[in-house]
Amino acid sequence: MSKRSKGANRTDSPRGNGPSKATPATPTAAKAGAAKKSASTQATAKRAAAKKPVTKADAAKKATAKKSAAKSTAAKKSAAKTAAKKPAAVAAPPKPSGGKPESRLGMVRRARRINRELAEVYPYAHPELDFRNPFELLVATVLSAQTTDLRVNQTTPALFARYPTPEDLAAAVPEEVEELIRPTGFFRAKTKSIMGLAAALRDEHGGEVPGRLEDLVKLPGVGRKTAFVVLGNAFGVPGITVDTHFMRLARRFRWTESDDPVKIEAEIAEIFPKSDWTMLSHRVIFHGRRICHARKPACGACPITHLCPAYGEGETDPEKARKLLKYEKGGFPGQRLNPPADYPGRPAPPAPGVAPGAVQRPSGVE
């Protein structure tokens, strides 16, 4: 073998001095390198962004964002102050059905309980018009439209002293009647109505007030409300009197959602037995006039708040509510000059300028 061959062999030998293969990098080293490269890239991007000039559009966007944030913070602070100043709402009494929508049966039971409890509160409830006979009650009820019963009671003594019968009123001079009833308002229209019904009673009913609904509503100025007042209090025929007070309370009690008197009458008639209709009307109207007022009911002084879904619509503070009570409940005179014997309040005063007892009449038929 030649020397050159031997040298070649030595060169290829593992123990030779020639170049060797590169050692592959470990996974840890690869990750470290990638992290350094990423950090370097991010730093470069930041320096580039810092050197980039801010445009007007960018500045406007930043300013708008700051203003929006400031407004939002101010609004939150204002809302917090308002909430702190606003008094806490008065919690309504629990619903009869435990918070669930009230069933028809539940409403009927609650309505009848309201009637029973109002009977205890107003055992003396009665029609608040002075009258001695059906004719006087009929005329007084027609005159009570758009005015108070008190004003009517202060006006009718002189009217009935001069025209005690339908025949007398039918033959009266209209201008003289107008002058007598002027205090009740709408005196010309009311004169026409009461003289017209007086003539109808004279000519068609023998001078007597009929005791049937269908006959009464045919008389001038007489509607269902007036007819039921007369039937219930002069003839003992049950009827529901849907006046403004009754309508308001029936809706507050959730007995009805209607604002049509005829529909309300029909719906209430299905809730209560017929024998309760007349006194139910008196009790609800009494409550509406004394406690459950139209504009500001005295909720804090109401004895049936636990049964009323509308509790909280009015004044709930007991002391303030007591100051809102009217008539005998507030220590004031009633509306009748000659109230029934069991009425606990004071009689109403006569008309201004009329001496007490000057034109007094016996209490009306109950």
Nearest-0.5 Å distance that lies between atom [atom1] in [X] and atom [atom2] in [Y]:
| X | Y | atom1 | atom2 | value |
| --- | --- | --- | --- | --- |
| Leu129 | Leu143 | CG | CG | 9.0 Å |
| Ser281 | Asp276 | OG | CG | 10.0 Å |
| Lys190 | Thr184 | NZ | OG1 | 3.5 Å |

Residue pair [X] / [Y]: nearest heavy atoms and the distance that separates them:
| X | Y | answer |
| --- | --- | --- |
| Pro183 | Thr155 | CB-OG1, 3.8 Å |
| Met279 | Ala125 | CE-O, 3.5 Å |
| Ile291 | Pro303 | CD1-CD, 3.9 Å |
| Ala348 | Leu150 | CB-CD1, 3.4 Å |

Neighbour count >12 (heavy atoms, 6.0 Å) for atom [atom1], [X]:
| X | atom1 | result |
| --- | --- | --- |
| Gln146 | CD | no |
| Glu214 | CD | yes |
| Arg151 | CZ | no |
| Arg254 | CZ | yes |
| Glu208 | CD | no |

Are the side chains of [X] and [Y] in touch, meaning some heavy atoms are under 4.5 Å apart?
| X | Y | result |
| --- | --- | --- |
| Tyr122 | Lys329 | yes |
| Arg289 | Lys326 | no |
| Arg252 | Pro297 | yes |

>> Taking the basic N atoms (NZ, or NE/NH1/NH2) and the acidic carboxylate oxygens, is any pair closer than 4.0 Å for Arg290 and Glu128?
In response: yes

>> Any salt bridge linking Lys218 with Glu204? Criterion: basic side-chain nitrogen under 4.0 Å from a carboxylate oxygen.
In response: no

>> Could you go through Asp342 and His126, starting from their C-alpha distance and side-chain angles, then the distance that decides it, and tell me whether this counts as side chain to side chain donor-acceptor pair (under 3.5 Å)?
In response: CA-CA 10 Å; Asp342 63 345; His126 58 268; 5.5 Å; no

> With sequence neighbours excluded, what pairs up with Arg283 under the salt bridge (Lys or Arg N to Asp or Glu O under 4.0 Å) test?
Replying inline: none

>> Tell me every residue that passes salt bridge (Lys or Arg N to Asp or Glu O under 4.0 Å) with Glu117, counting only those two or more places apart in sequence or in another chain.
In response: Arg113

> Just one of Asp149, Asn153, Asp130 clears the side-chain hydrogen bond (donor to acceptor under 3.5 Å, both in side chains) bar with Arg336, so which one?
Replying inline: Asp130

> Is a side-chain N or O of Arg110 found less than 3.5 angstrom from the main chain of Phe253, in a donor-acceptor match?
Replying inline: yes

